[in-house]
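Worksheet: one structure, shown below.
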Amino acid sequence: SQQGEEDPQALSIQEGENATMNCSYKTSINNLQWYRQNSGRGLVHLILIRSNEREKHSGRLRVTLDTSKKSSSLLITASRAADTASYFCATNYGGSQGNLIFGKGTKLSVKP
Amino acid sequence: SQTIHQWPATLVQPVGSPLSLECTVEGTSNPNLYWYRQAAGRGLQLLFYSVGIGQISSEVPQNLSASRPQDRQFILSSKKLLLSDSGFYLCAWSVQGANTGELFFGEGSRLTVL
């Protein structure tokens, strides 16, 4: 399967701490994306990192990509209770439709 | 700005009954359209995608079908639901020709088959 795998499956931290989630994949990619899903809601795109990029920032989010290890990490700094959600990585292997392959997600709980 | 609407939000159906979930996109033309299913505690499984009216690609064999009668309308159907069809169904769109693959999701439809 080309599916990405997130690690850990669940993460519980205190408000103000940093949260790090990892994603591994199996074959070459065009880009890797991170999405967030609040319970019972649709997914929201957070950030996209291309295969020729190594790090990207967006607000409190920092994404890294290591193509040699076929892995990515998402860091949320100074977490807030509102960051509680599931986070998914999705890999784009190319093709005209740009179809994404999603992992199973990391469930993040931030306690106030 | 672009918006995506998906309905109904929740649905409880008996085994063997039909299904119709609808999705419409506003504010964009000729989008790629997708139906995903999310089982509890699992990732998203791509069911169907469409690059244009009447053009449907199926990713997995199943009891479901999809149709795209209009440019910005995508419908997920079943003639006879199975228990295993229960799940959270998500419609999504992406920009045609932009192969970054960034997806914009609807709010989902939770289907319970009893």
Side-chain angles (χ1 to χ4, degrees), chain A residues 1-10 21 23-26 28-53 56 58 63 65 85-109, chain B residues 2-11 21 23 25 30-52 55-60 68 74 87-112:
Chain A
S1 167
Q2 296 174 323
Q3 185 179 41
E5 294 288 339
E6 289 94 341
D7 168 56
Q9 291 186 338
M21 288 159 271
C23 172
S24 60
Y25 57 92
K26 295 185 178 177
S28 298
I29 59 172
N30 280 0
N31 64 65
L32 185 144
Q33 305 176 31
W34 286 91
Y35 288 78
R36 166 193 168 128
Q37 183 181 34
N38 287 358
S39 182
R41 306 290 296 271
L43 279 73
V44 176
H45 182 267
L46 293 176
I47 196 165
L48 179 154
I49 187 164
R50 299 180 189 278
S51 59
N52 61 353
E53 297 176 313
K56 206 160 183 181
S58 176
V63 169
L65 180 65
S86 291
Y87 293 82
F88 294 86
C89 71
T91 44
N92 180 335
Y93 294 93
S96 58
Q97 293 80 26
N99 291 345
L100 298 181
I101 307 296
F102 285 83
K104 296 181 181 180
T106 292
K107 192 169 186 177
L108 173 66
S109 175
Chain B
Q2 300 88 1
T3 56
I4 178 168
H5 303 283
Q6 186 179 342
W7 71 95
T10 58
L11 197 59
L21 301 179
C23 173
V25 181
N30 199 27
N32 291 333
L33 294 171
Y34 307 81
W35 279 110
Y36 284 87
R37 177 168 59 200
Q38 184 178 30
R42 301 185 66 178
L44 275 67
Q45 180 186 32
L46 179 62
L47 301 176
F48 300 97
Y49 67 89
S50 172
V51 299
Q55 301 179 61
I56 310 294
S57 296
S58 175
E59 289 294 297
V60 293
R68 183 171 178 172
F74 207 23
F88 191 52
Y89 290 83
L90 289 156
C91 180
W93 72 274
S94 67
V95 175
Q96 180 76 257
N99 64 355
T100 57
E102 181 179 345
L103 292 175
F104 303 91
F105 284 86
E107 286 298 320
S109 298
R110 184 162 301 285
L111 170 65
T112 302

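Throughout, a chain's letter reflects where its sequence line sits, starting with A, and its residues are numbered from 1. Any value given below was found using the heavy atoms of this structure, including those in side chains, with hydrogens, waters and symmetry copies removed.
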Item checked: Per-residue contact mode, Leu90(B) against chain A (heavy atom under 4.5 angstrom) -> side chain
Margin query: Quick check on Gln37(A) against chain B: is it the side chain, the backbone, both or neither that has a heavy atom closer than 4.5 Å?
Written below: side chain
Margin query: Apply side chain to side chain contact (heavy atoms under 4.5 Å, CB included) to residues Tyr35(A) and Leu44(B) and explain how you reach the verdict.
Written below: CA-CA 12 Å; Tyr35(A) 288 78; Leu44(B) 275 67; over 6 Å; no
Checklist line | Proximity breakdown for Gln38(B) and chain A, heavy-atom pairs closer than 4.5 Å | finding: side chain
Item checked: Rounded distance (nearest 0.5 Å) linking atom CG of Leu100(A) with atom CG of Leu46(B) -> 9.0 Å
Notebook entry, point to check: Heavy-atom count around Gln55(B) CD within 6.0 Å, excluding the residue itself: above 12?
Noted result: yes
Next item on the list: Go through the atoms of Leu43(A) and report whether side chain, backbone, both or neither lie under 4.5 Å from a heavy atom of chain B.
Entry: both
Next item on the list: Answer with side chain, backbone, both or neither: which region of Tyr36(B) has an atom nearer than 4.5 Å to a non-hydrogen atom of chain A?
Entry: side chain
